[in-house]
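For the single chain, residues carry numbers from 1 onward in sequence order.
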Amino acid sequence: MKLKYALLVLSAALSFNASAQAPIVIKFSHVVATDTPKGQAAERFKQLAEKATNGRVKVEVYPNSQLYKDKEELEALQLGAVQMLAPSLAKFGPLGVKEFEVFDLPYIFPSKAALYNVTEGEIGKSLLKKLEPKGITGLAYWDNGFKVMSANKPLRTPADFRGLKMRIQSSKVLDAQMRALGANPQVLAFSEVYQALQTGVVDGTENPPSNMYTQKMHEVQKYVTVSNHGYLGYAVIVNKKFWDGLPADIRTALDQAMKDATTFEKAIAQRDNDLALEAIKKTGKTEVYMLNAQQQAEWRKALLPVQTQMESRIGAGLISAINKQAGK
Ligand code: LMR
């Protein structure tokens with residue numbers, strides 16, 4: 001009897017030990033290449049998190065839509081099939097949090113400094129809070145950059161967009177933006193863009209140069225216009241139940257790892273985009289065009305009304321608060 005009891009205690013102790021040693025796994029899924037600002041920061045977060053927790057946390061990064069595409073990844077996060085994502089701010093509308101589309105408004109941020117005032121201030125915080133009722137906790141904003149436009153014809157003035165099929169992310173603001181240019185917007189998952197451009201399903205698209213180059217979109221787009229008409233950035237998000245259920249010391253370590261990965265990400269984003277634009281130029285296959293002052297004025301005239309048009313969707317208060325912060 002005594003022996004049986006001792007064996008029971010021993011096996012309970014062994015199984016407790018095994019479960020105590022099993023790492024907590026964070027599956028971090030994203031849709032871009034590893035050598036983009038987001039891709040590199042995801043890897044940096046993995047290194048920092050695993051080190052800071054002495055291996056009690058294991059971060060598995062799945063880049064390039066390997067695991068899930070745009071829409072699926074948000075569903076997977078809510079279901080707990082993945083724990084961490086960093087979708088672009090243009091992709092939260094279908095989740096019912098339309099306010100994030102404010103980041104897509106043409107010319108809303110005159111500079112990165114104006115953007116950081118928003119993402120690092122009260123507005124940024126209150127936007128992340130809106131995700132909580134959806135079972136999502138927002139941890140940080142990650143940067144990418146200002147967007148360029150591309151097609152197989154030169155895009156110099158708004159009139160050049162007339163009738164073009166332009167791929168957009170799922171944001172209604174981006175839909176309005178393309179319509180304001182006279183184009184026909186088409187929502188497609190990021191993973192489908194290259195092929196859609198190659199086969200003529202769409203004629204053109206927009207993205208910061210780092211995304212365009214790493215997906216080789218320039219190989220199927222003869223013209224790129226550096227228009228800086230809009231911004232692309234990310235929110236790093238986690239499944240709230242998973243996050244709240246972590247031991248407090250682990251959560252603290254992960255918070256710090258996320259802070260450090262975010263600092264890293266913001267430091268590399270602009271440089272990566274500058275390098276990508278240079279690399280596109282160097283291929284000699286795609287003409288990279290810089291708008292002159294008059295063309296810039298024409299673009300602004302065509303696109304600025306989108307800010308007013310979208311007030312009913314996003315909230316006039318939010319738009320004017322951001323414009324005010326930017327000194328407009
Ligand atoms: C896109 O879908 O165009 C991009 O925003 C993808 C990304 O996550 O950068």
Side-chain angles (χ1 to χ4, degrees), residues 26 28-52 59 61 63-64 84-92 99-105 107-129 131 136-148 169 190 206-215 226 228-238 243 252-279 322 325-327:
I26 297 181
F28 186 165
S29 170
H30 68 81
V31 300
V32 296
T34 300
D35 52 345
T36 54
K38 173 163 70 179
Q40 293 173 71
E43 292 299 330
R44 178 61 69 106
F45 171 73
K46 170 186 166 68
Q47 286 165 10
L48 293 168
E50 291 179 353
K51 188 158 178 246
V59 181
V61 182
N64 249 328
M84 187 174 281
L85 307 173
S88 92
L89 301 165
K91 291 176 183 167
F92 288 87
E99 291 87 343
F100 278 93
E101 292 178 6
V102 78
F103 290 96
D104 301 327
L105 285 170
Y107 306 110
I108 189 92
F109 300 111
S111 63
K112 281 276 175 87
L115 163 80
Y116 296 149
N117 278 342
V118 171
T119 50
E120 287 164 17
E122 282 314 308
I123 298 178
K125 253 187 232 145
S126 72
L127 284 172
L128 291 181
K129 273 255 169 294
L131 296 171
I136 292 172
T137 300
L139 297 183
Y141 288 94
W142 280 2
D143 207 1
N144 194 328
F146 293 100
K147 291 178 282 188
V148 300
Q169 305 175 74
F190 187 62
E206 61 169 5
N207 240 307
S210 58
N211 272 347
M212 202 158 269
Y213 183 65
T214 53
Q215 295 296 320
V226 181
N228 297 327
H229 59 283
Y231 172 75
L232 179 86
Y234 310 103
V236 187
I237 55 177
V238 281
W243 193 249
T252 305
L254 294 180
D255 267 330
Q256 188 55 49
M258 182 52 66
K259 267 200 192 102
D260 295 344
T262 300
T263 305
F264 166 79
E265 208 269 351
K266 281 160 73 180
I268 63 166
Q270 190 57 49
R271 190 201 61 200
D272 272 18
N273 277 305
D274 294 344
L275 290 174
L277 192 65
E278 282 313 307
I322 293 183
Q325 279 224 340

Hey, are the side chains of [X] and [Y] touching, using non-hydrogen atoms and a 4.5 Å cut-off?
X: Met258; Y: Val238; answer: no
X: Asp274; Y: Gln270; answer: yes
X: Glu101; Y: Phe92; answer: no
X: Leu139; Y: Phe45; answer: no
X: Met84; Y: Val59; answer: no
X: Gln40; Y: Glu43; answer: no
X: Pro37; Y: Asp143; answer: no
X: Asn228; Y: Phe109; answer: no

Backbone of [Y] reached by a side-chain donor or acceptor of [X] within 3.5 Å:
X: Lys147; Y: Gly230; value: no
X: Lys38; Y: Ala86; value: yes
X: Tyr231; Y: Leu115; value: no
X: Asn273; Y: Asn144; value: yes

Work out which heavy atom in [X] is nearest to a heavy atom in [Y]; give both atom names and the distance.
X: Leu232; Y: Ser88; answer: CD1-CB, 3.7 Å
X: Ala261; Y: Trp142; answer: CB-CZ2, 4.2 Å
X: Met212; Y: Asn207; answer: CE-N, 4.2 Å
X: Leu48; Y: Ala257; answer: CD1-O, 3.7 Å
X: Leu85; Y: Phe28; answer: C-CE2, 3.8 Å
X: Ala114; Y: Pro110; answer: CB-CD, 3.7 Å

**Report entry** Residues Asp104 and Gln169: side-chain donor-acceptor under 3.5 angstrom
**Finding:** no

Report task. Test side-chain contact (heavy atoms from CB on, under 4.5 Å) on Val32 and Asn211 and set out the steps. Result -> CA-CA 7 Å; Val32 296; Asn211 272 347; 3.4 Å; yes

If I take atom [atom1] from residue [X] and atom [atom2] from residue [Y], how far apart are they, to the nearest 0.5 angstrom?
X: His30; Y: Thr36; atom1: NE2; atom2: OG1; answer: 6.0 Å
X: Phe103; Y: Ile108; atom1: CZ; atom2: CD1; answer: 9.5 Å
X: Lys91; Y: Phe190; atom1: NZ; atom2: CZ; answer: 7.0 Å
X: Glu50; Y: Leu254; atom1: CD; atom2: CG; answer: 10.5 Å
X: Thr263; Y: Ile268; atom1: OG1; atom2: CD1; answer: 11.5 Å

Requested in this report: Among Leu105, Asn117, Val102, find the residue that satisfies the side chain to side chain contact (heavy atoms under 4.5 Å, CB included) test when tested with Ile322.
Outcome: Val102

Report task. Flag the pair Lys125 and Glu122 as a salt bridge only when some basic side-chain nitrogen lies within less than 4.0 angstrom of an acidic carboxylate oxygen. Result ->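 Looking at Lys125 and Glu122, the cut-off is met.
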
Report task. Check the pair Leu89, Tyr141 against side-chain contact (heavy atoms from CB on, under 4.5 Å), reporting the backbone distance first and the verdict last. Result -> CA-CA 9 Å; Leu89 301 165; Tyr141 288 94; 4.0 Å; yes

